[in-house]
Amino acid sequence: MHLPFHLANHLDSALRAAAGRLGFGDRGFEPEVRVADPAHGDFQANGALAFAKREKQNPRAVAQQIVDQLDAETAATFDCSLAGPGFINFRLKPAALLAWLAQHDSEAHLREAAAGARRGQHWVVDYSSPNTAKQMHVGHLRSAVIGEALCRLLAFNGAHVIRDNHLGDWGTQFGKLIYGYKRWADPAALERDAIEELERLYKLGHNATPEGSPELDEARAELVKLQNGDPENVALWKKFSEVSLAAFQQIYDRLGIRFDHNLGESFYNDKVDRVYRELTETGLAEDSAGALVVFHDEHPRFSRHAERPNPFMVRKADGASGYASTDLATALYRTEHFQADGIVIVTDFRQSDHFEQLFLTVGKWFAAKNYRRPELHHVTFGAVTGEDGKALKTRDGGTIKLKALLDEAEVRAYAIVTAKNAERPEAERFTDAECRDIARAVGIGAVQYADLSQNRSSNYVFSWDKMLALDGNTAPYLLYAVARVRSIFRKAGLDPAQPPTAGATPPETPQELALARKLVQFADAVRAATQQLRPHFLCLYLFELAGAYSAFYAADKVIVDDPAVRARRLLLCHRTLIVLESGLHLLGLRTLERM
RNA sequence: GUCCCCGUAGCUCAGCUGGAUAGAGCAGCGGUUUUCUAAACCGCUGGUCGCGUGUUCGAGUCACGCCGGGGACGCCA
């Protein structure tokens, strides 16, 4: 028996074929296959209801006819039954569960099996995108963590992913920074912590150049020199970018992030003229109060007739480019240079209007010029708040630096790990180095997972105690489940890469069956998370899988004498291990051997 | 004023293109270890899905209108 990776997909095809034999296909029958409540089955098809209603037929009779037409292989794989007004329920037979598990036997094979979904597609993911010469703070966390998970999900589905860090590396602030740098730079401080020193210099520069002062004119002159290619200022600006990227990479290393490109706003300086030209010649852009703007009259928000018109500002009245023009140039570059089939931009919800206007404009512009149009997605997320519901701040009301946040995560995890370690029998205790390593994975993983496990569109309440809890939907709980699986192999002297599963019989006990069913649904979880660009679907699945494993672990002893039982339980343990690890890796977490 | 997001158990949240009796975790109460990590497992308690009207065989989910919280709205990104 050969079973495909994505069983819901397979059922969809089988049902379409069956309906086709009845002539229902031409009349718009849609199977509507989804994962079912375990009480009803593994999958359910609801399509007979809508179809029967349209055709004025009895839905149960329609469902029965379709079931009768199913091919022999599908009928041999699933127990099919009708329920309620015309639901078709499918429950995998134990032998089919075993067959699926036997085939999907490593992280590499899971990856290979999933890669069919988006093979050959190019996806550009724009995330993190901090401003150079500034520290990354809590506000940068979600974009980085969610963006990286989306990259990994898309790649797992077979896409070629281009990770692009769209740095804020251009703008008027550099005039003030250069002004401050030239007067007050402290070489020792730059050596020690470059970004902190640049922030200090910017503040000095900013405070020394009040509105209307001659100092402000000097700062503006520095900016003009930079824009005109003055070697000294360009060298300074490049230095700012370099030290910033080096500092960012220290954060990215801890979060498992590595960009393919850092094409910041400055990269598009020489590419905006084409945007002005093409938007003007296609008649999309027009002059308004000296600025070049685009209206979208069909849209109440962006129409020129709106009470408070909100045009898309392509070029400012002073002739300078704004973020609208660089974002337009960026969309074009990604389409032409990276051959993007899809572009995902991960920023917070406050920029929704901007990206809606951007996408509307790109759509019309590309259509007018006959350019290929990639899928455009603005992946938004809510704010990170403290437990009082307000923006997360330090005790004295300051901004929390991302570095400090990650440090604290590790410190808190270390305290828990060492406390647990002291309770352990002496022979099983970890060394201090091991405790620190575990604390790193658990602490950072907890921060990542807390962010990913929640639907990204709502605000997210930051709570150390909740994310570091050992029970509930948390990173420690999942990492613990992984460690418990590995522990079985270690105690039994077995190599988890080569599990002795020959002779495994189909799952039998309720806990074995529940676990096997959950494992098979990995494909659905990955698909839902990727299609909707929402990693929390995968998190929820992994939590349920870990729960099914824990129940199995408590109920059914693995290392038993009966060779068939032992082999099938080792098979379940091993497949749980590879699915949990694959899933956690997709989320950007590092998994552990022991904890 | 226009538009966007959110409102589900005491708390934090799931609920996939409308589908079966609305689910978890925490907190609370009770149980489980001579057995592979008890950082675990099992059970119980807990709901007018913000309010109302409508569409539908069927609404937490869709439409419209309110209420409450957050946000955006011409040269910042």
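Because the structure is a prediction, the values reported are computed rather than measured. Proteins come first, then strands; the chains are lettered A, B, ... in the order of their sequence lines, and each starts at number 1.
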What's the [atom1]-[atom2] distance between [X] and [N], to the nearest Å?
| X | N | atom1 | atom2 | answer |
| --- | --- | --- | --- | --- |
| F312(A) | rG74(B) | CZ | C1' | 12 Å |
| F43(A) | rA20(B) | CZ | C1' | 18 Å |
| E32(A) | rG58(B) | CD | P | 17 Å |
| F543(A) | rC41(B) | CZ | C1' | 13 Å |
| D524(A) | rA14(B) | CG | P | 20 Å |
| L542(A) | rA24(B) | CG | P | 18 Å |
| R350(A) | rC4(B) | CZ | C1' | 14 Å |
| I345(A) | rA77(B) | CD1 | C1' | 12 Å |

Positive for ring-ring contact (aromatic ring centres under 6.0 Å, His included) with W170(A), one of W237(A), F240(A), F267(A), Y323(A): W237(A)
Do R91(A) and S81(A) have side chains that get closer than 4.5 Å, going by heavy atoms? no
Between F51(A) and F29(A) (judged by ring centroids, cut-off 6.0 Å), do the two rings come close enough to count as a pair? yes
Do the ring centers of F312(A) and H354(A) come within less than 6.0 Å of each other? yes
With both distances kept under 3.5 Å, what pairs with [N], Watson-Crick or G-U wobble?
| N | value |
| --- | --- |
| rG65(B) | rC51(B) |
| rG46(B) | none |
| rU35(B) | none |
| rU2(B) | rA72(B) |
| rC26(B) | rG10(B) |
| rA77(B) | none |
| rG60(B) | none |

Verify side chain to side chain contact (heavy atoms under 4.5 Å, CB included) between I343(A) and E375(A), making sure each step is shown before the conclusion. CA-CA 6 Å; I343(A) 298 173; E375(A) 276 180 50; over 6 Å; no
Does [X] reach a base, just sugar-phosphate, or nothing at all? Heavy atoms under 4.0 Å.
| X | result |
| --- | --- |
| A317(A) | base |
| N58(A) | nothing |
| K53(A) | base |
| L479(A) | nothing |
| P59(A) | nothing |
| A492(A) | nothing |
| N459(A) | sugar-phosphate |
| A83(A) | base |
| S288(A) | base |

Classify the ring geometry between F462(A) and W464(A) as parallel (under 30°), tilted (30 to 60°) or perpendicular (over 60°). perpendicular
How are the rings of F355(A) and H378(A) set relative to one another: parallel (under 30°), tilted (30 to 60°) or perpendicular (over 60°)? tilted
Would you tell me if any nitrogen or oxygen in the side chain of [X] comes within less than 4.0 Å of OP1 or OP2 on [N]?
| X | N | value |
| --- | --- | --- |
| Q351(A) | rA77(B) | no |
| R34(A) | rG19(B) | yes |
| N455(A) | rG15(B) | yes |
| H536(A) | rG15(B) | yes |
| S352(A) | rC73(B) | no |

Tell me whether [X] is salt-bridged to [Y], with the criterion being a basic N under 4.0 Å from an acidic carboxylate O.
| X | Y | answer |
| --- | --- | --- |
| R220(A) | E211(A) | yes |
| E286(A) | R304(A) | yes |
| R566(A) | D562(A) | no |

Inter-nucleotide [atom1] distance ([N], [M]), Å rounded:
| N | M | atom1 | value |
| --- | --- | --- | --- |
| rG18(B) | rU56(B) | C1' | 9 Å |
| rG65(B) | rG1(B) | P | 14 Å |
| rC41(B) | rA24(B) | P | 14 Å |
| rC57(B) | rC3(B) | C1' | 36 Å |
| rU53(B) | rG15(B) | P | 27 Å |
| rG54(B) | rA59(B) | P | 13 Å |
| rG43(B) | rC36(B) | P | 22 Å |
| rC4(B) | rG46(B) | P | 39 Å |

Take A320(A) and N473(A), find for each the nucleotide of RNA chain B with the closest heavy atom, and name the residue whose nucleotide sits nearer the 5' end. N473(A)
Between I88(A) and D318(A), which has a closest nucleotide on RNA chain B that is more 5'? I88(A)
Would H354(A) count as stacked on rA77(B) if the rule is ring centres under 5.5 Å and plane angle under 30°? no
Treating primed atoms plus P, OP1 and OP2 as sugar-phosphate and everything else as base, which nucleotides of nucleotides 32-40 of chain B get B, S or - for protein heavy atoms under 4.0 Å? ---BBBSBS
From the set [options], return the single nucleotide nearest to any side-chain atom of [X].
| X | options | result |
| --- | --- | --- |
| F87(A) | rG71(B), rC16(B), rG19(B) | rG19(B) |
| R301(A) | rA77(B), rC57(B), rA72(B) | rA72(B) |
| N310(A) | rA24(B), rC73(B), rU56(B) | rC73(B) |

I'd like to know if the side chain of R486(A) and the backbone of R594(A) have a donor-acceptor N/O pair within less than 3.5 Å. no
